[in-house]
Amino acid sequence: LQRNRENLLVSGNKNEPFLNFVRAEFNGTQLGDSQKCDAAVDESVNYNFFCSFECSESAHTLDDLAQKPVILTVIEILPKEKKQKEEKTCVLGQAVVDLLPLLHGKTLAFTHYSHVSIINPTLEVMVSVQEPLLSDAQLSESNLLTVTVETAFSVPEVWSPGPPSSYVAAMQVPLMAEREQILLFSDGVLKMSGEREPVPRPKKWPLGPLLAPDAQFIPGVYIESEPSDLEDGDLNRKKDFLLEFRAEAECNRKRVSWDTEHRCFMDAEGAACLTRRIIECRWWPVEIMRAPQAGGAKLGAGKAGKDKPVRKATSLSNMEELCSSLLICCTKRTKSVLRESIRAPAAQGRPRPPSSMSSCKATPSKVIDTQRGGKDNREAPKKTGTQGKPAQAESLIDVELQMNAEGQMYADSRSYIIIEITLEKPLIPKRPPEELAKRVMELIPTRPSLPRCPVGAERAVQEYKAQIASVAAQVLEEYQQMFGAAFVAGAEPLDPTTQEQRKSQLFGELNCSGKYFAFKEQMKYSVVRIVREKMLRTEAFTEPEQLQAFLSQLYIFLVDEMHVALNKTLTADVQEVQAQPLLDCAQLIHFAREAELNGDYKLAAHYYKERLARDRSNPSHWFDYGVFYMLTTDYSKAEECFRTAVSIDQSHVSSLLMCGILSEMNEQYEEAGTFLEGATCIDPSSVIAWTLFGLFYLAQENFIQAEMAFQEATKQLRAPLQKSPVCGPDPTGNTSSPTSHVIQPEEGDKVNADDKATVLQHNTTTRLNTTIYMVTVKFLLRNYALQMAQRALAQELLCPDGGPSSSYHLALAHVQLLRGEYSNAGASLQEALSDNIQNPDIWALYGHWYYLVKDYHQAQKCYERTLDFVTDASDTHHIYIRLGSIYLQSGEYEKAKPIYLRACGSSPSCFTWLGLGSACYRLGELAEAEDALTEANILDNGNPEVWGYLSLVCLKTGRKVEAEQSYKYALKFNLPEEPLLQEIKELQAHVGFGNPCFR
């Protein structure tokens, strides 16, 4: 490490020059002093100072470069007084150089400036390395762990400013297999109530009092304000009493502030060790101690035993759990970091280290005197004997016995601490979207979009029309050569005599020139293809009559097609009007789902196939067809449809999700993970994709990845509700999660309205009415993935924001109905009603349950109550259909008619018009019945009941031919014998017509 040019601009109160130099230190080692230079007022000083040190595994490691800066101290040499033997010095200012950029592959770094008593000083420093500290491979495999201890809020009231106390936080980080690294955060500052912590505020170096006040801050690193929804801890739960408590704690209660950042460099082995330890134990203890200070910052060894740690707590969930059994059970650790830090100096008769940098060798420049003329503190700590050892051991025993007794004060205060843990790179890197897309394409190749080309008979007819157009253009050109322009704007039309003359002359010219014969030869091949491929005639005729009839048919067809071709050729800018289909794709899917409700799966499949015939390149059509097979539990065909949808559109998220679900059901776990992860990459804001990804990992017992996916789903669910926009996942893979730990109180304390409003505005917290699991359950129920839906409901019970709510019981009842578990579904619906009796969806599903168990009277009551609510149910169409059918079965035609009218007004279909027509027929309103049945016949002319009721109407109105025709179609489409067909036969026998057998 080299540094070769420094400039300092200084100004003071004296006019005479003064002597000064620069001292460089790193990691407790003095690197050297610059030459002593005279500095004039308001002039720069060129030190031209160069020094270096070597990075190695034993001293000045890469981890030291990550968390410790180079300290540059500008020292003034005071003039000697009389009888003064040694020089006196005064520290003018101090600057720090952050070496972290060197670990990112850079070879140059620059510093900022800091000062104590100088106005606007600048210290220019250049840092360089001869070669990168890490190779490209080492840089890609390394990682940087950053731990920031911010503030402990709502500390006990017994914590007071006097007598002076030291506040230390500690935690162990498993970065190496053989030992763990201890992070100590010293010099916490106790603050009184009355104001909030300012944001943004700079983070401090973990160097304790070794730096000047302005040099203790890390350049360019700040604590920013973030919504509490992004925090991971007890305080991010959406409960009003927690919000009120946090408002009061951050405004009106004592707190201890550290704002200190620790950086830990990890190579590939360290990252693997950290990953392994996280898998073994998810909980890390964070210990906090308040110890009285004796004699300021210096502590004698005899006092160490009396520095009783008033509090030592772990931030697993709160600060109340202090016993050693908690450390053994949750953290799998049998000793305390702070307790061992006290025992070790006490056993050796040495004072306890007051700061995290106590291992560094003390130098005069580390104690800064801001007044010129001050003395350097060069005194070493006094040596002590071993007389205090028994007292120290006794004090440690007293600490252990008092821990649980003192823990109650922290439970009463509901103390919590905010810690930010950040990794530069994720421990388990996400697969890039390109790799996932390539993998999905390997599993499901993209279907090429082939242009639709005419073949067979269609191609023969098109070729014939093309030849007609070509011959017509040549004849027109010949005509214009003989008689001039054929079409003259504004010219009078030719008289018939002139037209006949020109026609004769044109035919003569064509025959004489041989062009007529050429035209016949030109068209012969296309006519032959029509005969073979359109008329399907490839053999010679044996009978002259057959030949003559065929020629007549061929002539008529050729002339008709010739007229079509000539009209297109000789008509300018006339667009062909294509006949639009009567039913669009939206109506077809509506009819299909209506058929599913009625249990007519054959008719539903017909509508799905009709949609595919309209457009086979639409992935939504294949997806809906796959959902239909999920309903019929034909999972192999369902997977085939979903894979076809993905082959058409590789970014169709719903199909990818269903492919992942079915692959997991078939125990193809690698493919399932690829599909689900691909869906999260295509749509990173999809709550459903992240939740299903988490459920998949949960089934694989990969709990860390599952929790990550659930947290991302929760963040995406809350993102649209934030007052300030919440960014999505960092594309670089950085992960940052501030952690809050708090004791759960029984009742929230009373706070004033201003504090509550302040914290609500600060945290931008919004109450949600649902959870990620219920959002996913709705998707799964729509697509009949019942197995995965049950797993999502199980997680809803375990979710802190979920539980057995009315929405949970409603979804559970839906699953049970689809499985045919009617008794269990009824019990679940009772639970849902007991929780929320005003939910129309619950009453609607209750009505469906009664309908399926054939208790139509109770189903009618539930449906009627559902329609009486001010808020409509989520699906009223199915209610209209089933309630109308109940009215028709019970003979309440006056009630059935308005229900079917409402259904026809909202979502008309063949079934709704048929219900309306049958109700009007029973009421004797034959004209209205015929109109409704005609509408039903237009939407589906293959429904036998529609033809049957039309036959009844025609019989009633005395229309013999139409009655017979409707009766024939009803029989053709297999009208059931009972009861409609029997009624038709009785009415035919009564009126004496309508059945062709009567003739």
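This is a predicted model, so every value here is computed, not measured.
Atom-to-atom distance recorded for Asp649:CG and Thr644:OG1 is 13.0 Å, nearest 0.5 angstrom. Rounding to the nearest 0.5 Å gives a distance of 5.5 Å between CD1 of Ile682 and OG of Ser651. With values rounded to the nearest 0.5 angstrom, Met523 atom CE is found 3.0 Å from Ile468 atom CD1. We find the OG-CZ distance between Ser647 and Arg643 to be 10.0 Å, quoted to the nearest 0.5 Å. Note that the OH atom of Tyr893 and the CZ atom of Arg922 stand 5.0 Å from one another [nearest 0.5 Å].
Residue Phe541 qualifies as enclosed at atom CZ: its count of foreign heavy atoms under 6.0 Å is above 12. Within 6.0 Å of CZ in Phe973 there are more than 12 heavy atoms belonging to other residues, nucleotides or ligands. With a 6.0 Å radius and a threshold of 12 heavy atoms from other residues, nucleotides or ligands, Arg431 has its CZ atom above the threshold. Within a 6.0 Å radius of NZ in Lys778, other residues, nucleotides and ligands contribute 12 heavy atoms or fewer.
Although no hydrogens or angles enter the test, the distance criterion places a donor-acceptor pair under 3.5 Å between the side chain of Ser906 and the main chain of Arg902. Within the 3.5 Å criterion, the main-chain N or O of Arg882 finds a donor-acceptor partner in the side chain of Ser885. At distances below 3.5 Å, not a single donor-acceptor pair connects side-chain atoms of Asn598 with backbone N or O atoms of Asp600. Between the side chain of Gln650 and the main chain of Ile444, a donor-acceptor pair closer than 3.5 Å is present. A donor-acceptor pair under 3.5 Å links the side-chain atoms of Ser918 to the main chain of Gly915, judged by distance alone. Side chain of Asn783 to backbone of Ala785: no donor-acceptor contact under 3.5 angstrom is found. Using modelled atom types, no side-chain atom of Ser686 and backbone atom of Asp683 make a donor-acceptor pair closer than 3.5 Å. A donor-acceptor contact shorter than 3.5 Å is absent between the side chain of Ser951 and the backbone of Trp947. Side-chain atoms of Asn937 never come within 3.5 Å of backbone atoms of Leu933 as a donor-acceptor pair (strictly under, hydrogens ignored).
Between Gln474 and Gln522, the closest side-chain pair of non-hydrogen atoms falls below 4.5 Å. The closest side-chain heavy-atom distance from Met630 to Leu786 is not below 4.5 Å. You'll find the side chain of Tyr464 stays beyond 4.5 Å of the side chain of Lys534, heavy atoms only. Taking 4.5 Å as the limit, some side-chain heavy atom of Gln988 sits within range of a side-chain heavy atom of Tyr967. The shortest distance between side-chain heavy atoms of Phe675 and Leu657 does not fall below 4.5 Å. Side-chain contact between Leu676 and Leu656 is absent, with no heavy atoms from C-beta onward closer than 4.5 Å. Residues Val531 and Val528 have side chains not in contact (no heavy-atom distance under 4.5 Å, counting atoms from C-beta outward). The shortest distance between side-chain heavy atoms of Ile648 and Pro619 falls below 4.5 Å.
Take Arg616 and apply the salt bridge (Lys or Arg N to Asp or Glu O under 4.0 Å) test, not counting sequence neighbours, and it matches no residue. Remark: Asp931 pairs with no residue by the side chain to side chain donor-acceptor pair (under 3.5 Å) rule, at least two apart or across chains. Considering only residues two or more places apart in sequence or on other chains, Tyr851 meets the ring pair (Phe, Tyr, Trp, His ring centres under 6.0 Å) condition with Tyr856. For Lys524, the salt bridge (Lys or Arg N to Asp or Glu O under 4.0 Å) criterion is met by Glu521, not counting sequence neighbours.
With 3.5 Å as the limit, one finds a donor-acceptor pair spanning the side chains of Tyr608 and Glu596. A donor and an acceptor atom, one from each side chain of Thr632 and Asp634, are nowhere located under 3.5 Å apart. Looking at His878 and Glu594, their side chains never bring a donor and an acceptor atom within 3.5 Å of each other. Under 3.5 Å, the side chains of Ser663 and Asn666 contain no donor-acceptor pair of N or O atoms.
Counting all heavy atoms, side chain and backbone alike, Gly948 lies closest to Leu980 at CA-CD2, 4.3 Å. Across every non-hydrogen atom of Ala592 and Ala604, the tightest pair is O-CB, 3.5 Å. The two atoms that bring Ser620 and His652 nearest to each other are OG-NE2, 3.8 Å, heavy atoms only. The two atoms that bring Arg611 and Asp624 nearest to each other are NH1-OD2, 2.8 Å, heavy atoms only. Between Phe993 and Gly958, the shortest heavy-atom distance links the atoms CZ-CA, 3.7 Å. The minimum heavy-atom distance between Ile899 and Gly884, with the atom names listed, is CG2-N, 4.0 Å.
With respect to the salt-bridge test (charged N to carboxylate O, under 4.0 angstrom), the residues Asp584 and Arg614 do not qualify. Ionic pairing of Arg439 and Glu671 is not present here: no N-O contact between side-chain nitrogen and carboxylate oxygen is shorter than 4.0 angstrom. At a threshold of 4.0 Å, the pair Lys956-Glu983 does not count as salt-bridged, since none of the basic side-chain nitrogens sits closer than that to a carboxylate oxygen. Under the 4.0 Å criterion applied to side-chain N and carboxylate O atoms, Glu434 and Lys438 are not assigned as salt-bridge partners.
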Sequence neighbours excluded and cut-off under 3.5 Å, please list the side-chain donor-acceptor pairs for residues 547-557, or say none.
residue : atom : partner : partner atom : Å
Ser552  : OG   : Gln548  : O            : 3.0

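Ring pair Phe628/Tyr625 is parallel by interplanar angle, where below 30° counts as parallel and above 60° as perpendicular. In this structure, Phe483 and Tyr479 have tilted ring planes: the angle between them lies in the 30° to 60° band.
No close placement of the Tyr880 and Tyr900 rings is indicated, their centers lying 6.0 Å or farther apart.
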(Q) Determine whether Lys568 and Glu561 satisfy the following criterion, salt bridge (charged side-chain N to carboxylate O under 4.0 Å, His left out), listing intermediate values before the conclusion. (A) CA-CA 11 Å; Lys568 289 183 179 180; Glu561 294 298 328; over 6 Å; no
Q | side-chain contact (heavy atoms from CB on, under 4.5 Å) between Asn941 and Tyr969, intermediate numbers included | A | CA-CA 9 Å; Asn941 58 6; Tyr969 278 114; over 6 Å; no
Q | Chi angles and distances behind the salt bridge (charged side-chain N to carboxylate O under 4.0 Å, His left out) call for Arg532, Glu539 | A | CA-CA 9 Å; Arg532 292 178 177 177; Glu539 299 178 356; over 6 Å; no
Q.
Before you tell me yes or no, could you show the steps for Glu463 and Arg459 under salt bridge (charged side-chain N to carboxylate O under 4.0 Å, His left out), namely the whole-Å CA-CA distance, both residues' side-chain angles and the distance that decides it to 0.1 Å?
A. CA-CA 6 Å; Glu463 186 177 349; Arg459 185 175 180 180; 5.5 Å; no
Q.
If you apply the rule salt bridge (charged side-chain N to carboxylate O under 4.0 Å, His left out), what do you find for Lys897 with Glu925, and how did you get there?
A. CA-CA 11 Å; Lys897 179 180 178 181; Glu925 302 171 356; 2.7 Å; yes
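A ring-ring contact (aromatic ring centres under 6.0 Å, His included) with Phe642 is found for exactly one of Tyr635, Trp622, Phe623, namely Phe623.
Counting only residues at least two apart or on different chains, the salt bridge (charged side-chain N to carboxylate O under 4.0 Å, His left out) pairs with a member in residues 506-517 are Glu478-Lys515.
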